[in-house]
Amino acid sequence: MWGKGWRVNIPSPFGLVLKAVGRSLDRQPHYAEIHMKKASTTEATAGLGRRSFINTAALAGIAGVMGCTEKPGAAPATAAAPAAAPHAGDSVHMKPGELDTYYGFWSGGHNGDMRVLGLPSGRELHRIPCFVPDALVGWGVTNESKKIMGTNPDGRLKYTVGDTHHTHASYKDGNYDGRYIWINDKINSRIARIRLDHFVCDKITELPNVQGFHGIFPDKRDPVDPAINYTTRVFCGAEFHIPLPNDGHDLDQPEKYRSMFSCVDAETMEVRWQVLIDGNCDLTATSYDGKLAATNQYNVEGGVTYEDMMSAERDACLFFHVARIEEAVKAGKFKTYGNSKVPVVDGTRDANKDAKTALTGYVSVPKNPHGVNASPDQKYFICAGKLSPTCTVIELAKVLDWFDGKQEKLDDAIVAEVEVGLGPLHTAFDGRGNAYTTLFLDSQVVKWNVEAAIKFHAGDKNAKYVVDRIDVHYQPGHVNASHSETIAADGKYLSVGCKFSKDRYLPVGPLHAENEQLIDISGDKMVLLAEHPARGEPHDFIIMKREMLRPKQVYALEDFPNAVKDPKESGVTRNGKKVTVKMTSQAPAFSLRDFKVKKGDEVTIILTNLDKIEDLTHGFAIPKHNVNFIVNPLETASVTFIADKPGVYWCYCTHFCHALHLEMRTRMIVEA
Ligand code: RUQ
Ligand code: CUA
Ligand code: CA
């Protein structure tokens, strides 16, 4: 029934992609024809009466994507008035002065930043710059931030663009410990670490030998040493395969391109090791016992076109045996590539045929799978099928049995492969045995029970594993629930990142806001509580109880080696053409009323904010010199620039700090 309905009605899910590459939709094979052939055989779920409705929703969603002729302001085509939420809804709206109960950490997509939200209200509280400059705080302007971001020999930033997708925090004993959060930059294969005491990025590492670094996940404990019950590694999956080294050889021999899986040290942020693999990486997951990491693979084909990349019926979830990889590195069984000194072990299929010594194992998964997510009961990894309407449940104990030579076929670790709906992408959990998977094409979240799915897969056709479905608006990608990726999943709030908002907000020209929706998952039925627009383009996010964090709101002078600890240290010192200007700020004045430099000087201004009152931030801008940054209470920041134009420049405080904020200025006098 399901399969039939889909086969008849659903246009290609690739309409979007195909349109972008200028191909005719008509020539595209129907999604249903290609991928849904088995669908009718595994009829299993509740909610079949919704069949026609689901089709309508999916069609409407796709039509919207394709630029259908809905009038602005017309009712949503899905007509999916959210179910009323009489009790739960109240809690979403914070009264003035009321604090949220959760932090949400959102990636900003190709905006390149990280955002901090309060939940359940959905209010955006902060943006944490990491990979790209930020005008508010002067990220990419100050010497301190430039050092973290990385500069060319001429002192200019190496990169000014970034594309953040996935963000995950550090663990202790299977739950968040509030130390760090990491985020990826897909464009330039960089990983950034954010300190959760100050909510600032403190390190960025560029991964060697890879392109398209996408999935990221910290480990949850050491695979060998039980005393290390917290995160010490972060795993990074590279999506694109490239010639190795990528220096101009093998340019048009894609069969020689390779991708790698990388391990970064959580403290030093140095790359510890990499694994050369067959196929590609996408998302990343780690086991609670620290022994396994995995990435889903959508391109086992090694294709360079999307047709090639979807030619195989099954791709894979690739497992890494962390302890064995580190033994191999220790034993010197590695290579290096190009200028990189990072040890690279061989994780290709051919080199890992004997399970008992294998570093890697490839579990087959249909077809171009997307997210891979670890269940909070610590037992399973779940891969969403994307081009297959299925989720695949892989039992980790059985994967370890295979590595130990106790189980002959690795694919026997697949304990369920069940249909959930069209275009499954990512999965979250409520800690009560249920999984919540986004269905991109159906514009839904489906709630399904993992143990029931396993029973169904084992042959119990009465096992009803689909528990509930809810329409979301529209085309959801990521999903996450409060503490979903920890053993403390609390099953309260689920947030869904909808890739298309279409008609949900006032039109603001061609670029639509993204739509983040919040769902109450505390009951049997999911209840849509709220939605809010987000500037493009959030991908992944995590939701953390507020009591996990103790943010510091005032720095210590000792945090900065160059701090100007006393206003008396203020002044100008010259060393040839290099001039250092030391200054402090205390509302409503800078310690220097003016300072003189000469045309052509290389000027370094070091500014310490000696105000130690919470929330008393000052700014420092210099007209015509491209300088603007802030100093938070007891923070020190510095900038270096060439004073190349004689004249008077009023340096002023940009951050409202005092009744005399406008008067808070100093003169930079540049002598000819
Ligand atoms: S991927 S919509 Cu960059 Cu997170 Cu799945
Ligand atoms: Cu200092 Cu405004
Ligand atoms: Ca594929």
Side-chain angles (χ1 to χ4, degrees), residues 34-35 106-110 163-168 183-187 212-217 237 239 278-285 295-316 364-373 383-388 423-427 437-440 475-480 496-500 514 537-542 583-591 607 609-611 613 615-621 630-633 651-666:
I34 303 169
H35 309 296
W106 255 245
S107 70
H110 49 99
D163 182 23
T164 61
H165 285 227
H166 300 113
T167 180
H168 298 283
I183 191 163
N184 76 310
D185 165 28
K186 179 167 166 174
I187 301 176
F213 157 36
H214 193 216
I216 185 172
F217 219 101
E239 208 179 317
D278 286 327
N280 72 335
C281 306
D282 191 11
L283 282 291
T284 304
T295 182
N296 63 295
Q297 302 194 286
Y298 65 78
N299 189 15
V300 296
E301 300 91 336
V304 291
T305 63
Y306 77 84
E307 294 95 332
D308 292 345
M309 293 181 210
M310 53 187 269
S311 59
E313 272 314 307
R314 294 182 78 91
D315 286 280
S364 92
V365 172
K367 155 160 193 160
N368 289 35
H370 196 52
V372 53
N373 296 94
C383 287
K386 191 166 79 183
L387 299 194
S388 159
L425 290 185
H426 294 279
T427 300
T437 301
T438 46
L439 302 174
F440 181 79
Q475 269 76 39
H478 273 279
V479 67
N480 219 333
V496 189
C498 296
K499 299 292 189 189
F500 297 86
E514 308 272 298
E537 186 193 81
H539 287 244
D540 199 7
F541 43 86
I542 62 170
M583 214 184 304
T584 60
S585 59
Q586 275 170 300
F590 295 109
S591 56
L607 175 61
N609 181 5
L610 289 180
D611 278 316
I613 302 168
D615 207 5
L616 220 176
T617 294
H618 298 285
F620 192 87
I630 58 166
V631 276
N632 291 302
C651 309
Y652 71 99
C653 176
T654 47
H655 205 89
F656 212 108
C657 54
H658 190 275
L660 293 172
H661 158 73
L662 290 176
E663 290 81 350
M664 187 168 174
R665 315 184 205 167
T666 178

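Note that ligands are numbered from 1 as they come in the structure, with each ligand's atoms numbered from 1 the same way.
- In this structure, the side chains of Tyr298 and Met309 come closer than 4.5 Å at one or more pairs of heavy atoms.
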Q: Give the C-alpha distance, both sets of side-chain angles, the deciding distance and a yes or no for side chain to side chain contact (heavy atoms under 4.5 Å, CB included) between Thr437 and Thr427.
A: CA-CA 4 Å; Thr437 301; Thr427 300; 2.9 Å; yes
| task | Determine, stepwise, if the pair Asn184 / His165 fulfils side chain to side chain donor-acceptor pair (under 3.5 Å). | result | CA-CA 6 Å; Asn184 76 310; His165 285 227; 5.2 Å; no
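- For residue Gln297, no N/O/S atom approaches the Ca ion (ligand 3) to within less than 3.0 Å.
- Taking backbone and side-chain atoms together, His539 has no N/O/S atom less than 2.8 Å away from atom 3 (Cu) of ligand 1.
- Distances from the Ca ion (ligand 3) show that Asn368 has an N/O/S atom below 3.0 Å.
- Nearest N/O/S atom of His214 with respect to atom 3 (Cu) of ligand 1 is recorded as NE2.
- Between the Ca ion (ligand 3) and Tyr298 there is an N/O/S contact shorter than 3.0 Å.
- Between His214 and Asp282, the side chains place a donor N or O and an acceptor N or O closer than 3.5 Å (distance only, hydrogens not considered).
- Here His478 does not reach atom 3 (Cu) of ligand 1: none of its N/O/S atoms is less than 2.8 Å from the metal.
- Classified by interplanar angle (parallel below 30°, tilted 30° to 60°, perpendicular above 60°), the ring pair His426/His166 is tilted.
- Side-chain contact of Thr295 with Thr284: a donor-acceptor pair under 3.5 Å is absent, judged by distance alone.
- The SG atom of Cys657 and the O atom of His655 subtend an angle of 100° at atom 2 (Cu) of ligand 2, given to the nearest 10 degrees.
- When atom 3 (Cu) of ligand 1 is compared with the N/O/S atoms of His165, atom ND1 turns out nearest.
- The name of the N, O or S atom in His661 nearest to atom 2 (Cu) of ligand 2 is ND1.
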Report the C-alpha distance between Arg665 and Phe590 in whole Å, list the side-chain angles of each, state the deciding distance to 0.1 Å, and finish with yes or no for side chain to side chain contact (heavy atoms under 4.5 Å, CB included). CA-CA 7 Å; Arg665 315 184 205 167; Phe590 295 109; 5.6 Å; no
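- The shortest contact between atom 2 (S) of ligand 1 and any protein heavy atom is with His426 NE2, 3.4 Å.
- By the 4.5 Å heavy-atom criterion applied to side chains, Thr617 and Pro633 are counted as neighbours.
- Near His166, meaning under 4.0 Å from any of its heavy atoms, are these atoms of ligand 1: 1 (S), 3 (Cu), 4 (Cu).
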When you look at His478 and Thr438, which way does the side chain to side chain contact (heavy atoms under 4.5 Å, CB included) test go after all the steps? CA-CA 7 Å; His478 273 279; Thr438 46; over 6 Å; no
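- Take the Ca ion (ligand 3) as the corner point: the lines to OE1 of Glu301 and to O of Met309 open at 80°, to the nearest 10 degrees.
- With a 4.0 Å cut-off on non-hydrogen atoms, His370 touches ligand 1 through its side chain and not its backbone.
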